[in-house]
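Fair warning: this is a prediction, and the values are worked out from it, not measured in the lab.
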Amino acid sequence: MSTDARLARTVLLLGVATITAALIWPAVTHSLEVWSTDEELSFGFLVVPTAVGLVWWRRQAVRCCMGPGMMAGLPIFLVGLAIYLMARRVGINALAGIAISPLLLGIVIYLWGWAAGRVLAFPIGFLVFGFGLYRGLFDTVGFAMQRLTAVGAASGAQILGVPVIRDGLILRTDSFAFIVADTCSGMNSLVSLLALAAVWTYVARGSVPARLAVILSVLPIVVLANTMRVTLVLLVASWFSQDTATGFFHGASSLVLFGLSLGGLLLVGRIAGCRAPSIAA
């Protein structure tokens, strides 16, 4: 490639990058606001760095696959752009965030071809876990998980000798009473662990059924781990006091929940036959 051609391509890439950044910036700023104001969605800050890290991990494959662009990327870009503009116009910010992925994928295919698009498809698609978040995301499934947690924790505490009475989402004895609130549903762990499971199945070496088993195990693992967490809170309240259970231990138990869930996920992956990836890919 001549110097003039190389310069022209560099100018083109800079122009595309600038226009794309300006186009998606409103959706990015909205996502930043959601991540910073909703504690349950704060894991969104890790999504973009993770996607960048995955691209760096596959950097050799990316270099090898970068070839002449394909016009087939243009309709993908246009569909993503149409969805993005429509969503921005009607105020559906989560849909606008989701549309960023096909928009970017279309650009990659248009500039560097299908091979590059295949390599970068997962890191680009992974951005949905960050830009697709919205306030109220957990409301739909959260109540069902609250109920499952309340039933399981009450049964577990009773088995362990704590005379807990369950009234809907209220767990009480003569000495304490707890409400399994939406923040205790485990939904935030569900979404973040689902994102981790997606990354793990992408980088791990294993069959398609093994990877699918890991993904499908996320929900039952989170429900079980969250039930164990709330049960522990009830035990601490019974042994010590409600203030002790709702103070430091309640906050620390969130880490316990995520640790149990992550450990369960890795265990399922090991049983299913998913192996740790090599350092370079």
Side-chain angles (χ1 to χ4, degrees), residues 12-55 69-114 116-145 182-183 185 187-199 202 215 218-219:
L12 172 63
L13 293 177
L14 289 175
V16 170
T18 302
I19 294 172
T20 303
L23 179 66
I24 68 175
W25 184 247
V28 173
T29 55
H30 178 268
S31 294
L32 290 172
E33 180 188 358
V34 171
W35 302 341
S36 60
T37 56
D38 193 324
E39 184 179 353
E40 294 182 337
L41 303 178
S42 60
F43 68 89
F45 282 108
L46 300 175
V47 170
V48 173
T50 301
V52 172
L54 291 173
V55 174
M70 301 285 293
M71 286 298 296
L74 190 57
I76 299 175
F77 167 79
L78 292 176
V79 169
L81 179 62
I83 296 174
Y84 177 83
L85 294 176
M86 179 193 69
R88 290 294 301 169
R89 182 173 181 81
V90 300
I92 308 177
N93 294 302
L95 181 59
I98 292 172
I100 289 175
S101 289
L103 191 151
L104 294 178
L105 182 61
I107 292 174
V108 168
I109 295 173
Y110 180 76
L111 292 176
W112 297 300
W114 278 111
R118 284 194 297 269
V119 174
L120 294 174
F122 182 87
I124 291 174
F126 185 74
L127 295 174
V128 170
F129 281 104
F131 296 132
L133 298 177
Y134 62 94
R135 297 182 186 88
L137 172 65
F138 300 153
D139 293 347
T140 305
V141 185
F143 180 76
M145 292 187 64
D182 53 354
T183 54
S185 66
M187 271 299 297
N188 55 335
S189 294
L190 175 63
V191 178
S192 56
L193 197 70
L194 187 60
L196 278 176
V199 172
Y202 174 69
I215 295 293
V218 171
L219 178 58

Checking [X] now: which residues fulfil side chain to side chain contact (heavy atoms under 4.5 Å, CB included) with it, not counting sequence neighbours?
{"X": "I215", "result": "L194, A197, T201"}
{"X": "Y202", "result": "L54, W57, R58, F122, P123"}
{"X": "T37", "result": "E33, R135"}
{"X": "L196", "result": "L193, F258, L262"}

Smallest separation among heavy atoms of [X] and [Y], with atom names:
{"X": "A27", "Y": "I100", "result": "CB-CD1, 3.9 Å"}
{"X": "L127", "Y": "A51", "result": "CD2-CB, 3.8 Å"}
{"X": "S101", "Y": "V128", "result": "OG-CG2, 3.5 Å"}
{"X": "A72", "Y": "I109", "result": "C-CG2, 4.4 Å"}
{"X": "A99", "Y": "G80", "result": "CB-O, 3.6 Å"}

Answer whether the closest heavy-atom distance between the side chains of [X] and [Y] falls below 4.5 Å.
{"X": "F45", "Y": "S36", "answer": "yes"}
{"X": "R88", "Y": "N93", "answer": "yes"}
{"X": "M71", "Y": "Y110", "answer": "yes"}
{"X": "L103", "Y": "I107", "answer": "yes"}
{"X": "V48", "Y": "V28", "answer": "no"}

Where the side chain of W35 meets the backbone of G130, is there a donor-acceptor pair that is under 3.5 Å apart?
yes
Separation between CG (L95) and OH (Y84), nearest 0.5 Å, reads 11.0 Å
Say you draw a straight line from NE2 of H30 to CD1 of I24; how long is it, rounded to the nearest 0.5 Å?
15.0 Å
List the steps and the verdict of side chain to side chain contact (heavy atoms under 4.5 Å, CB included) for L133 and F43.
CA-CA 10 Å; L133 298 177; F43 68 89; 3.9 Å; yes
Hits for ring pair (Phe, Tyr, Trp, His ring centres under 6.0 Å) against F129, two or more places apart or cross-chain, chain-then-number order -> F126
Donor-acceptor contacts, no H, no angles, side chain residues 13-23, under 3.5 Å, sequence neighbours left out:
from, atom 1, to, atom 2, distance (Å)
T18, OG1, L14, O, 2.8
T20, OG1, V16, O, 2.7

